[in-house]
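Everything below concerns the one structure shown next.
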Amino acid sequence: MIRRHTAALAALLLGALARPAAAQLAVAYTPSGEDVRLSRLAFTLDSIAREAMEDQSIPGLSVAIVKDGRVLLQRGWGTTERGRRQAAANTVYQIASVSKQFTAAAVLRLAERGQLSLDDDVTRYVDGLSASYRTISLRQLLNHTAGVPNFTEFFREFRRTLSPAQLVDSLAARPLLFAPGTGFHYSNSGYYLLGLVIERVTGQAYGDYLRDQFFAPLGMGDSEYCGAGGDQPVPSGYVRSRRGGPVHTEPWHPSVLYAAGSLCSTAADLARWEVALGEGRVLSPESWREMTTPVPAPDVSLRMAYGFGTMVDTTDVGPYLHHDGAVAGFRSQVAWYPNERLAVVVLMNQGLAAPEPIERDLTRAVLGVTARPAPRLAERPAPPARRASGSFGPPHPFDP
């Protein structure tokens, strides 16, 4: 790791200074090109993080970067929990909609084992839904093409318990947004329903199933359904005031977001997850292919970019699989660059900040890529096709 290289270099230099001049000549140490590169990279990554924190009024930020199985960076900056603790790589944050990757992987694992089919309709597992839901498959819930209304767009009480019956009743009272399979609308409701499917099939609580199937086997000891441990409260974060400074905010109740965004984790744990997922240690090759393949667009004017719990894009450094999350007081971003075998995780306790630009800057620094300049007005390209994933943006500041 960078820290070890730096510490080793410092120890050698200090040891040399403590010896007589003649001895110093005998033990002279010349840093290798790799040592110098890692030192410069560490300085660059640190500068990117600090500048972003200042620009976006972020109290606490944690980052983990793993390339080719090697940890390049795991650390935190700033503070958490009203300044009580120093942020670190193992600081626990609410990860909001990044939770959808775990929900999707859980459903795919159950399909691999023959415990369900992605083409099953949701009413086979969830009672109380209206007749229109009989035409909705689990596959359509996974890729947001089911037409299910997004409850966080009309639900407004986020700090009290939300029971499955309340959620199901509220959905049953509303019409679908479109016929299943004919459109795209990002829906937390769909992933909430998938959590109920997981519980119905396995007989386990959603968080317990994830712990047994993913967290424990992968060594993700700091990941859990938020508040499940009992000894620690749900983490709380900040938003920006009108003057730009951080203001503490109370967390949402975990039951509200459930399988759509209720998990808590760390940068270090999520980097383990991204690497394991991307390297085929979580799902079969076929399941991974389905998870990372956007559904064909129902409209030729749309460019679909969502698989199952994963956004599929291409950047200036190549193919890019990612997901972000936003909830009261927190933002998160996880990314896997398959061609580079690179995982980058950015977590922050500022609910109105933007993690993706930070992740992109960190990635470019690691790969030695210079950001492309924005086109001049005279070179403005023609408007692209509408992008279905444009509705990923939260309808209000605290929506995941």
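- A salt bridge is defined here as a Lys NZ or Arg NE, NH1 or NH2 lying under 4.0 Å from an Asp or Glu carboxylate O, and Glu340 with Lys67 meets this definition.
- Between Tyr306 and Phe184, the ring planes are tilted. Angles from 30° to 60° get that label.
- Pairs of residues two or more places apart, or lying in two chains, never qualify as ring pair (Phe, Tyr, Trp, His ring centres under 6.0 Å) while including a residue from residues 37-77.
- With no hydrogens or angles considered, a side-chain donor-acceptor pair links Thr152 and Asn188 at under 3.5 Å.
- The ring-ring contact (aromatic ring centres under 6.0 Å, His included) check on Phe214 picks up Trp273, with sequence neighbours excluded.
- Among all heavy-atom pairs drawn from Gly237 and Phe330, the shortest one is N-CE1, 3.5 Å.
- Every residue two or more places apart in sequence or in another chain that forms a ring-ring contact (aromatic ring centres under 6.0 Å, His included) with Tyr320 is listed here: His322, Tyr337.
- With respect to the salt-bridge test (charged N to carboxylate O, under 4.0 angstrom), the residues Asp121 and Arg134 do not qualify.
- Taking the salt bridge (charged side-chain N to carboxylate O under 4.0 Å, His left out) definition, one finds that Arg281 meets it with Glu279, sequence neighbours left out.
- For residues 192-205, every residue pair satisfying the salt bridge (charged side-chain N to carboxylate O under 4.0 Å, His left out) rule, not counting sequence neighbours, is listed here: Asp127-Arg200.
- Salt-bridge check for Arg360 with Glu356: passed, with a basic side-chain N closer than 4.0 Å to an acidic carboxylate O.
- Every residue two or more places apart in sequence or in another chain that forms a ring-ring contact (aromatic ring centres under 6.0 Å, His included) with Tyr191 is listed here: His144.
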